[in-house]
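Heads up: the structure comes next, in structure tokens.
Computed from heavy atoms alone, side chains included, the values below leave out hydrogens, waters and symmetry copies. Residues take their numbers from the sequence shown, with the count starting at 1. Since the structure is predicted, the reported quantities are computational estimates derived from the model, not experimental observations.
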Amino acid sequence: MTIIDNAVYVNGVRHIEPESLEQTFETLAQHGGMAWIGLYRPTAEEMAAVASEFGLHSLAVEDAISAHQRPKLERYEDSLFTVLRPARYLDETESVEFGELHIFTGKNYVVTVRHAEMAGVARVRRRMEARPDLLRHGPEAVLYALLDRVVDDYAPVVAGLENDIDEIEDQLFSGDTTVSRRIYELAREVIQFQRAIHPLPDMMHQLKRGFEKYGVETDLRHNLRDVEDHVERVISRADSFRDLLQNALTLDGTLTANRQNEASAEQNEQVKKISSWAAIFFAPSFVAGVYGMNFEHMPELQWELGYPMSLGLMLAMACLMYGIFKKKDWL
């Protein structure tokens with residue numbers, strides 16, 4: 001296990017940085033305050049040590065170890081277990097990378113568990129430490145700040161997806177054959193993004209229901225409502241992306257079908273021309289073949305005009321067939 005950061009805060013100020021989890025527990029018992037522990041990919045044994053000290057629920061601990069959880073908020077007596085799915089847009093690959101953040105909050109502690117690299121938690125800690133007036137509100141302030149950070153980080157993702165969709169619209173009319181695959185890839189990313197953000201409104205509602213019961217400060221209530229507004233805007237944009245990609249996929253299918261029909265029509269025209277010329281050349285070949293059989297008793301063999309007649313017949317048949325095909329626009 002990697003302990004990213006471990007500190008005890010008293011009255012919103014970083015009071016001590018314990019060297020171990022055991023020292024953290026002892027400091028809390030002696031000086032009070034709030035512990036904020038950041039863990040990175042802890043093992044079952046290491047999570048069990050934290051769970052036994054803070055009384056974390058076994059189901060929540062199991063989820064934090066196994067990871068691959070959807071965003072959710074669960075309350076176990078006086079503790080709260082929150083799962084968030086941070087996301088970031090990668091310009092190099094034009095793709096969205098999703099992380100997973102688990103947050104345990106109780107009366108005097110915050111435990112964050114990460115299973116992927118992300119700098120958001122560290123930025124939140126620095127910002128909160130610069131605002132002792134806000135940090136002294138305790139674990140709820142940290143939880144709301146982490147929610148706010150995750151939601152704010154969705155903005156570049158929305159912008160990146162929007163830009164990708166604009167590029168797809170250009171590809172559609174340029175005849176790019178790879179656009180279908182790109183649409184499917186984007187649609188998959190949008191679906192993953194929706195799975196990360198759609199549970200958030202219900203999570204916000206659960207937190208708001210606990211305002212009175214848990215005596216949440218007025219400032220924190222305003223902060224959460226602001227986060228809620230941002231979530232609604234992000235969801236609205238993401239849902240519109242799903243519709244745009246569906247329309248793009250339908251349009252791509254239509255354009256592809258039209259291109260195939262045009263190619264088929266062109267191919268049919270070529271087949272008509274080839275067939276027409278083959279038929280035209282077949283007529284003289286037929287006459288020549290008949291008179292080339294060299295039977296002793298054949299009409300016109302001894303006739304002086306037989307040869308000119310056969311040539312004229314070949315020409316006449318070829319001209320007749322040419323006229324027929326020309327009239328039908330096959331030539």
Side-chain angles (χ1 to χ4, degrees), residues 67-74 80-103 105 112 114-124 127-128 134 140-169 182-211 216 219-249:
H68 303 295
Q69 303 294 316
R70 288 195 174 188
K72 61 181 178 180
L73 188 147
E74 297 175 341
L80 202 61
F81 177 58
T82 308
V83 179
L84 299 175
R85 293 299 306 275
R88 61 172 181 160
Y89 185 82
L90 305 177
D91 292 317
E92 312 81 48
T93 58
E94 293 187 337
S95 61
V96 180
E97 181 182 72
F98 294 91
E100 191 167 339
L101 176 63
H102 298 200
I103 309 167
T105 50
T112 58
R114 296 192 288 112
H115 291 272
E117 294 290 343
M118 57 175 291
V121 176
R123 290 200 298 267
V124 169
R127 182 169 67 86
M128 295 293 287
L134 191 60
E140 290 88 355
V142 176
L143 174 60
Y144 295 176
L146 289 170
L147 273 168
D148 185 40
R149 178 75 264 172
V150 170
V151 173
D152 283 348
D153 285 344
Y154 287 151
V157 175
V158 170
L161 290 173
E162 189 171 37
N163 183 67
D164 289 345
I165 292 173
D166 290 341
E167 292 177 356
I168 278 180
E169 292 176 351
R182 182 60 176 141
I183 292 173
Y184 277 113
E185 290 173 348
L186 265 178
R188 186 170 63 248
E189 289 180 348
V190 169
I191 290 172
Q192 287 181 292
F193 190 46
Q194 288 179 312
R195 289 174 178 169
I197 61 179
H198 275 179
L200 293 178
D202 183 60
M203 294 167 62
M204 303 288 179
H205 185 62
Q206 292 184 58
L207 289 173
K208 286 163 61 177
R209 286 205 306 264
F211 279 171
V216 177
D219 291 344
L220 297 182
R221 299 186 186 191
H222 291 322
N223 291 346
L224 186 64
R225 291 192 178 99
D226 183 59
V227 175
E228 190 174 25
D229 291 339
H230 292 171
V231 168
E232 291 177 359
R233 288 197 291 270
V234 170
I235 289 177
S236 177
R237 295 283 296 281
D239 290 346
S240 70
F241 292 161
R242 184 80 176 273
D243 295 335
L244 287 171
L245 289 171
Q246 184 61 47
N247 293 338
L249 192 59

Notebook entry, point to check: Hey, does I103 have a side-chain heavy atom less than 4.5 Å from the side chain of L147?
Noted result: no

Check: Which value, rounded to the nearest 0.5 Å, describes the distance between F193 atom CZ and H198 atom NE2?
Finding: 9.5 Å

Notebook entry, point to check: What closest approach, in Å, do L84 and M203 show between heavy atoms, and which atom pair accounts for it?
Noted result: CD2-CE, 3.8 Å

Next item on the list: Report the C-alpha distance between D153 and R149 in whole Å, list the side-chain angles of each, state the deciding distance to 0.1 Å, and finish with yes or no for salt bridge (Lys or Arg N to Asp or Glu O under 4.0 Å).
Entry: CA-CA 6 Å; D153 285 344; R149 178 75 264 172; 2.8 Å; yes

Margin query: Are the side chains of E228 and K208 in contact, using a 4.5 Å heavy-atom criterion?
Written below: yes

Margin query: Show, in sequence, the C-alpha distance, side-chain angles and deciding distance for V96 and Q192, and conclude whether the side chain to side chain contact (heavy atoms under 4.5 Å, CB included) test is met.
Written below: CA-CA 9 Å; V96 180; Q192 287 181 292; over 6 Å; no

Next item on the list: Taking all non-hydrogen atoms of both residues into account, name the closest pair between E189 and E94 and its distance.
Entry: OE2-O, 4.2 Å

Check: If you count the non-hydrogen atoms of other residues, nucleotides and ligands that lie under 6.0 Å from CZ in R123, is the total more than 12?
Finding: yes

Notebook entry, point to check: Out of curiosity, D166 CG to L161 CG, how far, rounded to the nearest 0.5 Å?
Noted result: 11.0 Å

Checklist line | Whether H102 and F81 hold their rings parallel, tilted or perpendicular, with breakpoints at 30° and 60° | finding: perpendicular

Checklist line | Contact check, side chains of V227 and Y144, non-hydrogen atoms, under 4.5 Å | finding: no

Item checked: Test item: E232 and M204 side chains (from C-beta on) under 4.5 Å apart, heavy atoms -> no

Checklist line | Between CZ on residue R182 and CG on residue L245, distance to nearest 0.5 Å | finding: 9.5 Å

Next item on the list: Answer with yes or no after comparing the ring centroid distance for H115 and H68 against a 6.0 Å cut-off, counting only values under it.
Entry: no

Next item on the list: Take T82 and L146 through the side chain to side chain contact (heavy atoms under 4.5 Å, CB included) test and state the conclusion after the steps.
Entry: CA-CA 10 Å; T82 308; L146 289 170; over 6 Å; no

Check: Minimum heavy-atom separation for P199 to P71, with atom names?
Finding: CB-O, 3.5 Å

Checklist line | Any side-chain heavy-atom pair of R85 and R195 under 4.5 Å | finding: no

Checklist line | Heavy-atom side-chain proximity of L134 to N223 below 4.5 angstrom | finding: yes

Check: Which pair of heavy atoms, one from R242 and one from V190, lies closest together, and at what distance?
Finding: N-CG1, 4.1 Å

Note to self: On a heavy-atom basis, which atom in I235 and which in P201 lie closest, and how many Å separate them?
What the structure shows: CD1-CG, 3.4 Å

Next item on the list: Please tell me if the side chains of L73 and L80 come closer than 4.5 Å, counting only heavy atoms from C-beta onward.
Entry: yes

Item checked: Test item: D148 and R127 side chains (from C-beta on) under 4.5 Å apart, heavy atoms -> yes

Notebook entry, point to check: What's the spacing between D202 CG and L207 CG if we round to 0.5 Å?
Noted result: 10.0 Å

Notebook entry, point to check: Distance from E74 atom CD to K72 atom NZ, nearest 0.5 Å?
Noted result: 4.0 Å

Note to self: Do D164 and Y89 pair up side chain to side chain, a donor and an acceptor below 3.5 Å, judged on atom types alone?
What the structure shows: yes

Item checked: Closest contact, heavy atoms only, I197 versus V231 -> O-CG1, 4.4 Å

